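Below: the structure, in structure tokens.
Remember, predicted model here, so these are calculated numbers, not experimental data.
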Amino acid sequence: MTKVFIAGGSGRVATELIKNLVAAGNQVIAGARHPEKIIKLDGVAPVKMDLHGSVDDLASLMKGATAVYFVAGSRGKDLLQTDAMGAVKTMQAAKQVGIKRYVMLSSMYALQPEKWAEYPALAAITDYNIAKFFADNYLISNSGLDYTIIQPAVLTEEAATGKVDLGVGDETTNPIPDVAKVLAAVLNRDNTIGKVIMMRSGDTPIETALDKL
């Protein structure tokens, strides 16, 4: 059993992620600006989290956890403070309290700006990808954490398929429940540490795809 801190615990991806983590026997501390919106399940402790706050404030919320997920997102309304700097502060907070494992929800090709204009779905979220570009780069180059970065295609509110393709490809959508399953599945997989994993809808069962990394 692992105690996990989730930044952005009331969002669409977080709700599905929490279900998966709890089903696997983990405990969750879920941080959100509006903790009353966090899914109510046994093993889930909702806490009020403000990504505009200090690193020390975030670190105090993470105490006792052994892993951090960043799945927060401002939906374009607060990109610098939330999606970019907010993410960096959670990395700094994790390091401050001795947490090594960190899983980032990012965006397809976030580290390859030359790709954004090639896909209309990515071109439409260019400012979001810019924020993720800086957050992902900090995580890789400056954080010192045991990171995994998941870069899904555009999220859709479709039913889970349980199947994905990992790596470079042209499919540009992902059902949210499949993204959540991948996020949960990488937690204790050492073969995903230090990797940037692009994902999209596909034909390979999630566990099989991750085994092949």
Next item on the list: Please report the shortest heavy-atom distance between P175 and A159, naming the atom on each side.
Entry: CB-O, 3.6 Å

Notebook entry, point to check: Shortest non-hydrogen contact from G86 to L51?
Noted result: O-CD2, 3.8 Å

Next item on the list: Would you sort out whether Y128 and L122 count as a side-chain contact (heavy atoms from CB on, under 4.5 Å), showing the intermediate values?
Entry: CA-CA 9 Å; Y128 173 71; L122 297 182; over 6 Å; no

Margin query: Side-chain heavy atoms nearer than 4.5 Å, only ILVMFWY residues, links allowed to pass through others: does that put M91 and I6 together?
Written below: no

Next item on the list: Kindly indicate, with the supporting measurements, whether the criterion side-chain contact (heavy atoms from CB on, under 4.5 Å) is fulfilled by T173 and R200.
Entry: CA-CA 6 Å; T173 62; R200 60 208 172 280; over 6 Å; no

Next item on the list: Apply side-chain contact (heavy atoms from CB on, under 4.5 Å) to L139 and F70, showing your working.
Entry: CA-CA 11 Å; L139 181 55; F70 188 88; over 6 Å; no

Checklist line | Distance in Å, T90 OG1 paired with L61 CG, rounded so as to fall on 0.5 Å steps | finding: 11.5 Å

Item checked: Flag if over 12 foreign heavy atoms under 6.0 Å of CG, L80 -> no

Notebook entry, point to check: Taking the six-membered ring for Trp, are Y109 and Y119 parallel (under 30°), tilted (30 to 60°) or perpendicular (over 60°)?
Noted result: parallel

Notebook entry, point to check: Is there a donor-acceptor contact under 3.5 Å linking the side chains of T82 and D78?
Noted result: yes

Margin query: Is there a side-chain contact (heavy atoms from CB on, under 4.5 Å) between I197 and I149? Walk through the geometry before answering.
Written below: CA-CA 6 Å; I197 303 170; I149 298 174; over 6 Å; no

Next item on the list: Could you go through the side-chain hydrogen bond (donor to acceptor under 3.5 Å, both in side chains) check for N174 and E158 one step at a time?
Entry: CA-CA 8 Å; N174 269 126; E158 298 174 299; over 6 Å; no

Note to self: Quick check: closest heavy atoms across M49 and L58, and the distance to 0.1 Å?
What the structure shows: CG-CD2, 3.6 Å

Item checked: Polar contact flag, side-chain donor to acceptor under 3.5 angstrom, D57-S54 -> yes

Notebook entry, point to check: When you check the side-chain N and O atoms of T148 and R101, is any donor under 3.5 Å from an acceptor?
Noted result: yes

Notebook entry, point to check: How long is the span from the CG atom in L213 to the CD1 atom in I193, to the nearest 0.5 Å?
Noted result: 12.5 Å

Item checked: Rounded distance [0.5 Å steps], NZ in K195 versus OG1 in T192 -> 7.5 Å

Checklist line | Ion pair check, E207 and R189, cut-off under 4.0 Å | finding: yes

Check: Going from CG on L155 to CG on D178, what distance comes out if it is rounded to the nearest 0.5 angstrom?
Finding: 11.0 Å

Notebook entry, point to check: Can you find a side-chain donor-acceptor pair between D56 and Q96 that sits under 3.5 Å?
Noted result: yes

